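The figures here come from the full heavy-atom set of this structure, side chains too, leaving out hydrogens, waters and symmetry mates. Computed from a prediction, not measured in an experiment: that's the story for all the values here. Numbers restart at 1 for each chain; the letters A, B, ... are given by sequence-line order, proteins then strands.
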Amino acid sequence: MDYNLDELTRAYRLMKTIREFEERIRSEYQQGKLPGFIHMYRNQEAIAVGACLDMRNDDYIASTHRGHGHCIAKGCELEGMMLELACKQDGLCNGKGGSMHIADMTKGMLGANAIVGGGPPIAAGAALTAKTLQTGGVSMAFIGDGASDQGTVAEALNLAVVLQLPMIFMYENNFYAEFTRNPKPEGRIAERAGAFGMPSTVVDGSDFFAVHAACREAIERGRNGGGPTAIEAVSARYYGHFEGDPQAYRDDDELRSQREAGDPLPHFLADSRVAALDASLIAEIDSSIFAELDRTVEFALAAADPTPEKLYTDVYVNYEGRAMQ
Amino acid sequence: MDYNLDELTRAYRLMKTIREFEERIRSEYQQGKLPGFIHMYRNQEAIAVGACLDMRNDDYIASTHRGHGHCIAKGCELEGMMLELACKQDGLCNGKGGSMHIADMTKGMLGANAIVGGGPPIAAGAALTAKTLQTGGVSMAFIGDGASDQGTVAEALNLAVVLQLPMIFMYENNFYAEFTRNPKPEGRIAERAGAFGMPSTVVDGSDFFAVHAACREAIERGRNGGGPTAIEAVSARYYGHFEGDPQAYRDDDELRSQREAGDPLPHFLADSRVAALDASLIAEIDSSIFAELDRTVEFALAAADPTPEKLYTDVYVNYEGRAMQ
Amino acid sequence: MKMSVREAINLTLHEEMARDPRVVIMGEDVASGQGGVYGVTAGLTEKFGVARVIDTPITESAIVGAAGGAALTGLRPVAELMFIDFLGVCLDQLLNQIAKFRYMFGGQARTPLVIRTMIGAGEGTGPQHSQILYPMLAAIPGIKVVAPSNAADAKGLLAEAIRQDDPVVFCEHKALYMDECEVPEGDYVIPFGKARTVVQGTDITLCGLSRMAVLADQAAAELAAEGISAEVIDPRTLSPLDEESILASVSKTGRLVVVDESNPLCSMASEISGMVAEFGFDYLDAPVQRVTAPHTPVPATPCLEKDYVPSVADIVRAAKKALAY
Amino acid sequence: MKMSVREAINLTLHEEMARDPRVVIMGEDVASGQGGVYGVTAGLTEKFGVARVIDTPITESAIVGAAGGAALTGLRPVAELMFIDFLGVCLDQLLNQIAKFRYMFGGQARTPLVIRTMIGAGEGTGPQHSQILYPMLAAIPGIKVVAPSNAADAKGLLAEAIRQDDPVVFCEHKALYMDECEVPEGDYVIPFGKARTVVQGTDITLCGLSRMAVLADQAAAELAAEGISAEVIDPRTLSPLDEESILASVSKTGRLVVVDESNPLCSMASEISGMVAEFGFDYLDAPVQRVTAPHTPVPATPCLEKDYVPSVADIVRAAKKALAY
Ligand SMILES: Cc1ncc(C[n+]2csc(CCOP(=O)(O)OP(=O)(O)O)c2C)c(N)n1
Ligand SMILES: Cc1ncc(C[n+]2csc(CCOP(=O)(O)OP(=O)(O)O)c2C)c(N)n1
Ligand SMILES: [Mg+2]
Ligand SMILES: [Mg+2]
């Protein structure tokens, strides 16, 4: 597949933004400046970006608890994200969602999800909207290797096949579910999904080009009425399950080699197709990312908390009873 | 595989008992003598009997809403069953379960189930008991083609693989889920189960010998620590979804040909291995079945209802509060 | 026009689908079957086609979740959860996803969704097909719960439910489907949170939920024969609950019986009792009487099931107890 | 010996596993991880081996269902549902299977099963990891619900739960894990249905559930400083509920505040309020005050979360309101 400079620039910028966004919030979190649980996406950046690069705002994604990368790849603004991670009033979700429930309806980002396996049925519903209203849109669910076992995922796979929904099951096999190594052999997830009756494939999740090619095909299939597709992208988790997990259960050698092999950025930059992105352009992108992060972090940490009455708002569009007064 | 006379006699007796039991309760039901919903098993008799023939009392089954055949094949007494279907005090479940929740712990029959897909996790738990206590027992879940889509089934498949449980997933593909034809092609169910990482096979569900051979292998695998197996047995439903369903959605030709092709009894009797069962022996078996049915029906219809205070018993083994007084 | 509850619901579905092309129906057997076990969705496929009347597999998490995802993205789904008992296999999508979308996304989302579901005992279908369970749903912030007791209310409330922008669970008592009454023709919408005074009275208030409003009405007639003037209130929507009307009635009568077919603990009967004890303390001349099913499952046997369901005699007895206080 | 709630639970698991070889532990990360996110099951694998401390996939229906099936057939499983919020993905196995086995099988079954689960807000983990939800469970006939507020009760109640022959949900408030107190050594078992009087008093009764018992205790201290004598009752088990102790206290004080961290509608606060309004009507000198979380999801942002959870000040305020009546 050929790539033009704009595509390469966008791909690089998004992957690098995810990487640096996460490194930055990690450091803020370690300093106690961000609340809740956060889950780092490092070394899976190529998956989110490869998956979303061809998507439009009327395409949908349903994300996971490890959702920052998906947000950025789907076009969410860093400022709104940073405010949300800091749980501030002007965050994407007014601080009520936080990292694990961040969402942006204007971008078709239907939410991170703190329920493992919660997203795929929702993504199937968004695909049903696209099909029913004939928008030409597609819908993608991100699913961890651990989540792939959850019954809801099987149900969504089957529904997508039966209704021939424009949907992509984007599995992210990073080998671990929390502190436990997933016992499934590589490729088993794609095989399972395939056995529901849809095309499925396994790709190297640290290879942007591999992910993107598979997703382009899947998205086109969806737009053209060809039904769902499953993609298992494999790339080992870099950090612990959540920030603060020392990964005592992972042995150092395994970790070192997986970390190195799985880094999508050098992988990307070493590809001959990327020659067009010269060092000065990269430096420019990088410095604009760092500047943007400095700005948004500073802005977010100084921003206003939700005012107390916000506890009670937006439970319903409207409610005709005392319980909401 | 060779069969001795005892095995052949048992197989025939059980299949014939199921057939006539059901025809009999069907007629009683039509006369308004049995309450609730009942679901006929006709033309699937070879599945239950082939599946359970090698089972012991410390092997377990978890059944479905269409459970009479499973009960009989697993050794439940007709009297207790008949009393339960009539919802009488001395029924297997004191009348509190009825057709859709009939169970017999002494026979390892862990219950019919009115929740589609409810049984497989329970059967996995029974398999865990057998494995943990090293009883050599196995556990089998019966699963309809419709139920095969339910998320709980996928979860149980995966758990059985991960824990290498002595378990058999016995799918009964009768082409219909209620009034809707199952869109899955034949064999898809077995393929799906296989993709979880267990041996799987498709058999003709109207052929006792095919079902039995597959189950014998699966049961032995389970007893010997070889983990789970999935079997898809195919045999079209004969009657409507529940008694009273006129099957307007099924066309006459389809129905006629499926009914004929799917009858396991002539199929069984035509097999050369069954030559040893001569006509007089069959006649004897048949008449003993009819006599037993006459007796149990009469007995059950005349038997005592549960007394009113039974409404409140057996909610708990014991309960230390007013709510149960 | 006189019609049954079943007909009123069917008619309203026809009218609302004609009114708004974004309304879609989804569920098991709703289309190609005969309009479900009770024929409530009959005729819709013929009128609106399979793109808007969608048969789904037997996977309630996928049904409810997809309905949620579809609602989030522009459709107005009316999904069927055949029996409310099946809440167990799909609760997460209601509890953690649909109910919380709007709040956790900071007000970005609208989820115009109706889940139609059958509730209640009385048909001999036993413990897994006869429950009430609406207290579990009324407890969930973000969900509205409706339980009409007659055909006119069914029409007006279902129309309102479908036009609402919040998720609504619409509880249809199956023992009411054949009940007939006059139903207003044309556009007829009943606002949520407005109780209906079934009978005016001065001595005691009988507050009956769902089918229990019908029984309370009968009890009031019996009491009237003995010279006791009972006021009967049907809240119609359980969340929001019209607390004002209940309190106003109790302020007049000084006595209250709450009649709820659900199990007693943490029920709507407890909720209403607690609410009146808190906000109507001064009005009360006697303790609030709660008439509910016992703290037991629903037995299959009809002879116990009839004792399980609150009866007119139970209501009369409770009323007299309050009056004798 | 002084120990924390976490340590007391861990110790009890060790003791009960040593005491009875049929006790097995199952759940996500319970074994090969570090004993779960909070280390509650740490050390068990080393002591009892992976045959009895079983890591499962992330499939809660399979975990709970298999625990149920195992309990039905001879094991005494202690299964972990990591957060009670995940009830949504496994409710059926509790509601329709485990809770009903004994009743619907006519008393044949025993289901000695404990589900350990974390409840409560206060950690900034947002709407899907901070709920209480025990009212949904307390409402289910066949289930018992326990919610200890300190380490000693945790030990005694968990030992009792594991030795019971009924299914028990054991709710561990995560904000209590580090709370320490004296814990009796050796065999220590607390019977269900017996409230603990935390503080004796004469002016008003404060009934606090789970962590709210701790806050009620603090509120009592504040009230004492103002010369108000509050009696604090911790029911400890929610089903069965020690209604006698609550009524006895109210008969003495004439005033009641119920403090429950759950959402208000159909809550334990409503249940207890309704119960006292019915059976303690004559004792009451003022309306029962319910102090609960609002009818909203749990916001992620800590600044709103702290207002969401009932506070000592809220309890004091409610007590004064009742006293001023
Ligand atoms: C229903 C449910 N079960 C368990 C959890 C706890 N949990 C959060 S993340 C996680 C592991 C998920 O693993 P995987 O799907 O592989 O995603 P990854 O964390 O590797 O991105 C678990 C068990 C949860 N949030 N929801
Ligand atoms: C969770 C759940 N969903 C739906 C139903 C209603 N229902 C009962 S039987 C049935 C069809 C089951 O089809 P299948 O599994 O193929 O079994 P069969 O009836 O053909 O034996 C349905 C949808 C149910 N009982 N439980
Ligand atoms: Mg993973
Ligand atoms: Mg079928």
Side chain, backbone, both or neither of C:Gln108 within contact of chain A (heavy atoms, under 4.5 Å): both
Chain C contacts, top residue of A:Ala127, A:Gly91, A:Gly97 (heavy-atom pairs, under 4.5 Å): A:Gly97
Structural part of A:Thr135 lying under 4.5 Å from a heavy atom of chain C: neither
Chain C contacts, top residue of A:Glu84, A:Met105, A:His101, A:Glu155 (heavy-atom pairs, under 4.5 Å): A:Glu155
Side chains of C:Tyr103 and A:Leu311 in contact at under 4.5 Å (non-hydrogen atoms): yes
Chain A contact via C:Ile140 - side chain, backbone, both or neither, heavy atoms under 4.5 Å: backbone
Engaged part of A:Val162 at the chain C interface, taking heavy atoms whose separation is under 4.5 Å: side chain
Among A:Leu110, A:Leu128, A:Thr132, side chain to side chain contact (heavy atoms under 4.5 Å, CB included) partner for C:Thr73: A:Leu110
Largest heavy-atom contact set with chain A, pairs under 4.5 Å, which of C:Lys144, C:Arg110, C:Gln164: C:Lys144
Chi angles and distances behind the side chain to side chain contact (heavy atoms under 4.5 Å, CB included) call for A:Ile122, C:Phe101: CA-CA 11 Å; A:Ile122 299 166; C:Phe101 282 155; 3.7 Å; yes
Per-residue contact mode, C:Asp92 against chain A (heavy atom under 4.5 angstrom): side chain
Region of C:Val64 that comes under 4.5 Å of a non-hydrogen atom in chain A: neither
Heavy-atom neighbours of A:Glu77 CD exceed 12 at 6.0 Å: no
Options C:Pro191, C:Pro77, C:Gly193, C:Ser61, ranked by heavy-atom pairs under 4.5 Å with chain A, top entry: C:Ser61
Top contributor to chain C interface from A:Ala103, A:Ala62, A:Ala124 [non-hydrogen pairs under 4.5 Å]: A:Ala103
Atom group of A:Lys310 that falls short of 4.5 Å from chain C, counting heavy atoms: backbone
Heavy-atom pair count under 4.5 Å with chain A, highest-scoring of C:Gln93, C:Arg102, C:Lys100, C:Met26: C:Arg102
Residue C:Ser239 versus chain A: region with a heavy atom under 4.5 Å: both
Residue part contacting chain A, namely of C:Glu60, when any heavy atom lies under 4.5 Å: backbone
Neighbour count >12 (heavy atoms, 6.0 Å) for atom NZ, C:Lys194: no
Main-chain N/O of C:Pro240 paired to A:Glu320 side chain as donor or acceptor, under 3.5 Å: no
Minimum side-chain heavy-atom gap C:Leu241-A:Arg322 below 4.5 Å: no
Contacting moiety of A:Ala323, where chain C heavy atoms sit under 4.5 Å: neither
Nearest heavy-atom neighbours spanning A:Leu159 and C:Ala66: CD2-CB, 3.8 Å
Within 6.0 angstrom of A:Gln134 CD, more than 12 heavy atoms from elsewhere: no
A:Leu133, part contacting chain C, at a heavy-atom distance under 4.5 Å: side chain
N/O donor-acceptor pair under 3.5 Å between A:Tyr319 side chain and C:Gly142 backbone: no
C:Ala62 versus A:Ala156, closest heavy-atom pair with distance: CB-N, 4.4 Å
Toward chain C, the part of A:Leu157 with a non-hydrogen atom under 4.5 Å: neither
Heavy-atom contact with chain C under 4.5 Å, split by part of A:Leu165: neither
Toward chain A, the part of C:Ile143 with a non-hydrogen atom under 4.5 Å: backbone
Region of A:Asn113 that comes under 4.5 Å of a non-hydrogen atom in chain C: side chain
